[in-house]
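Below you'll find the structure, written out as structure tokens, and then a few comments.
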Amino acid sequence: MNADEILTQLQRNEGHFAKDAVLEAVARRDEMIPALLNVLRDVANNPELYASDADSIVLTYAMYLLAQFRESLAYPILVQIFSLPGEMPFDLVGDTVTEGLTRILASVSNGDISGMTSLIENEQANPYVRSAAIDGLLTLVASGERSRDEIVAYFHHLFQTLERTPSVTWDGLACSCTDIWPDELMDELRSAWSDKLISSVVIGWDEIEDWHKRGKEFCMRYMKKKYKLVTDVVKEMAWWACFEKDRKPAYREKAAGAPEASLAGMGWPIRRTEPKVGRNDSCPCGSGKKFKKCCGR
């Protein structure tokens, strides 16, 4: 298959994971990178067109492949796409925003945090995108591309500059501070908690204190197990529920290898890092609204 034929197979979700096309794309890395970058550019220029097609999945494949290829030219284009306000990021790639964007951004960044920090500090960006970008910084620490000290220093900056309104962004910051070991950040976390900026549905103060007591070495080991770069698109995507026609035991085994399951299997404590309720579930506050339109905003 040439690049055009591969892209044709990656265009739409027909209920099957396009494994042969993905493997061919990996084998033809140098030929595919320009074609995949063009996909990103086209989405950036025509987001509504792609968002209106529920079966379009080429952007998701392109993101994961470019992440596996460590293609830094994808970084600014992805930042442009995920700077789009409102629900547009979810309309484009669905739950990849919460499930994979962290690792994708880190994988194409080449250690450069500026794209992720621009997303974090963009008050118009979707808060789930901003939270994913915060975790992207931890991924760079876990992979050795950035030091813990410089990311902790940046988190100090965020506590001073983020808008003082409860949001998923604040929840993400609290969780990331806890994972990276919150020692130097405890005063800021306590202040944010007192100001009710952090949702107890996502992380409790007792959890923050417990993680603090576990110590820096424990947290750094935990991060290295939890926050990983994209290395294999097949393992990342093949088990997804949207490929329901491929439901076989082999793919269910892939699902069991997802990050949380691996951590649990190795004896690591599992702590919530995202709301227990789904974005489209009813909000637990009793308002009758969907979580994403109420307390999950």
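No hydrogens, no waters, no symmetry mates; every other heavy atom, side chains included, goes into these values. Residue numbers start at 1 and run along the sequence shown.
- Here Trp181 and Tyr222 keep their ring centres 6.0 angstrom or further from each other.
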* To do: Begin with the C-alpha distance, continue with both residues' side-chain angles, and end with the deciding distance and a verdict on side chain to side chain contact (heavy atoms under 4.5 Å, CB included) for Leu101 and Tyr128.
  => CA-CA 10 Å; Leu101 184 58; Tyr128 286 92; over 6 Å; no
* Quick one: do Arg130 and Glu163 satisfy salt bridge (charged side-chain N to carboxylate O under 4.0 Å, His left out)? Show the steps, please. => CA-CA 13 Å; Arg130 299 172 75 186; Glu163 63 277 16; 2.7 Å; yes
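- Contact between Leu40 and Ile81 at its shortest, heavy atoms only, is O-CD1, 3.6 Å.
- Between the CE atom in Met186 and the CD atom in Glu188 there is a gap of 11.0 Å [rounded to 0.5 Å].
- Looking at Glu207 and Trp211, their side chains never bring a donor and an acceptor atom within 3.5 Å of each other.
- One distance of note links OG1 of Thr60 with CG of Asp95; it measures 10.5 Å at 0.5 Å rounding.
- A distance-only check finds a donor-acceptor pair linking the side chain of Ser109 to the backbone of Ala106 [under 3.5 Å].
- Side-chain contact between Leu36 and Phe69: present, with at least one pair of heavy atoms (C-beta onward) separated by less than 4.5 Å.
- Asn13 places a side-chain N or O within donor-acceptor distance of the main-chain N or O of Gly15, the cut-off being under 3.5 Å.
- Under the 3.5 Å distance criterion, the side-chain polar atoms of Asp171 are matched with a main-chain donor or acceptor of Ser199.
- Closest heavy-atom contact between Met220 and Val141: CE-CG1, 3.8 Å.
- Two residues are said to be in side-chain contact when any heavy atoms from C-beta on lie closer than 4.5 Å; Asp183 and Lys216 fail this criterion.
- Remark: Arg190 engages Asp187 in a salt bridge, criterion side-chain N to carboxylate O under 4.0 Å.
- By the 30° and 60° cut-offs, the orientation of the rings of Tyr61 relative to Phe17 is tilted.
- Between the side chains of Ser114 and Asp112, a donor-acceptor pair is found at a separation under 3.5 Å.
- When every heavy atom of Cys175 is checked against every heavy atom of Val202, the shortest pair comes out as SG-CG1, 3.8 Å.
- Taking every heavy atom of both residues into account, Leu92 and Pro47 meet most closely at CD2-O, 3.5 Å.
- A donor-acceptor distance shorter than 3.5 angstrom exists from the side chain of Thr102 to the backbone of Ala132, with no hydrogens or angles considered.
- Distance CD/Gln80 to CZ/Arg41: 10.5 Å, rounded to 0.5 Å.
- A distance-only check finds a donor-acceptor pair linking the side chain of Glu5 to the backbone of Asn2 [under 3.5 Å].
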* Given the rule in the side chain to side chain contact (heavy atoms under 4.5 Å, CB included) test, do Leu140 and Tyr227 qualify, once you have shown the distances and angles that lead to the verdict? -> CA-CA 8 Å; Leu140 293 183; Tyr227 296 98; over 6 Å; no
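- Between the side chain of Gln11 and the main chain of Val58, no donor-acceptor pair closer than 3.5 Å is present.
- Side chains of Asn38 and Leu7 form no contact here, defined as non-hydrogen atoms less than 4.5 Å apart.
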* To do: Kindly determine whether Ser167 and Thr165 satisfy side chain to side chain contact (heavy atoms under 4.5 Å, CB included), including the steps that lead there.
  => CA-CA 6 Å; Ser167 71; Thr165 304; 5.7 Å; no
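- Judged as a ring pair (Phe, Tyr, Trp, His ring centres under 6.0 Å), and not counting sequence neighbours, Tyr75 has no contacts.
- Among residue pairs with one or both ends in residues 115-124, those qualifying as side chain to side chain donor-acceptor pair (under 3.5 Å) are Glu121-Tyr154; sequence neighbours excluded.
- Applying ring-ring contact (aromatic ring centres under 6.0 Å, His included) to Trp170 and the options Trp193, Phe159, Phe155 leaves one that passes, Phe159.
- No donor-acceptor pair closer than 3.5 Å links the side chain of Arg103 to the backbone N or O of Thr139.
- You'll find the side chain of Ile198 stays beyond 4.5 Å of the side chain of Leu173, heavy atoms only.
- Remark: Met32 CE to Arg29 CZ distance equals 12.0 Å, nearest 0.5 Å.
- Put simply, the side chain of Glu71 never gets that close to the backbone of Leu66: no donor and acceptor are under 3.5 Å apart.
- When hydrophobic clusters are built by joining Ile, Leu, Val, Met, Phe, Trp and Tyr residues whose side-chain heavy atoms come closer than 4.5 Å, directly or via intermediates, Leu229 is not grouped with Val234.
- Looking at Glu217 and Arg221, a side-chain N of the basic residue comes within less than 4.0 Å of a carboxylate O on the acidic one, giving a salt bridge.
- Between the side chains of Ser176 and Asp135, at least one donor-acceptor pair of N or O atoms lies under 3.5 Å.
- Look at Glu184 and Arg148 and you find a salt bridge, because one of the NZ, NE, NH1 or NH2 atoms lies within 4.0 Å of a carboxylate O, short of that distance.
- Under a 3.5 Å cut-off, the side chain of Gln9 and the backbone N or O of Ile6 do not form any donor-acceptor pair.
- Ser83 contributes a side-chain N or O that, together with a main-chain N or O of Val79, makes up a donor-acceptor pair within less than 3.5 Å.
- Within the 4.5 Å cutoff, no side-chain heavy atoms of Leu49 are placed close to those of Val43.
- With no hydrogens or angles considered, no side-chain donor-acceptor pair links Asp91 and Tyr50 at under 3.5 Å.
- Remark: Arg70 pairs with no residue by the side-chain hydrogen bond (donor to acceptor under 3.5 Å, both in side chains) rule, at least two apart or across chains.
- Rounded to the nearest 0.5 angstrom, Ile208 CD1 and Leu189 CG are separated by 5.0 Å.
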* Output, in order, the C-alpha distance, side-chain angles, deciding distance and verdict of side chain to side chain contact (heavy atoms under 4.5 Å, CB included) for Leu65 and Leu10. => CA-CA 11 Å; Leu65 283 165; Leu10 299 179; 4.1 Å; yes
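- For the residue pair Trp239 and Glu236, the shortest heavy atom distance occurs at NE1-O, 3.4 Å.
- The ring pair (Phe, Tyr, Trp, His ring centres under 6.0 Å) search around Tyr64 returns Trp240, not counting sequence neighbours.
- From Arg164, atom CZ reaches atom OG of Ser191 across 5.0 Å, with rounding to the nearest 0.5 Å.
- His156 meets the ring pair (Phe, Tyr, Trp, His ring centres under 6.0 Å) test with no other residue; sequence neighbours excluded.
- Taking each heavy atom of Met63 and Ile104 in turn, the nearest pair found is CE-CD1, 3.6 Å.
- Residues meeting the side-chain hydrogen bond (donor to acceptor under 3.5 Å, both in side chains) test with Asp20, sequence neighbours left out: none.
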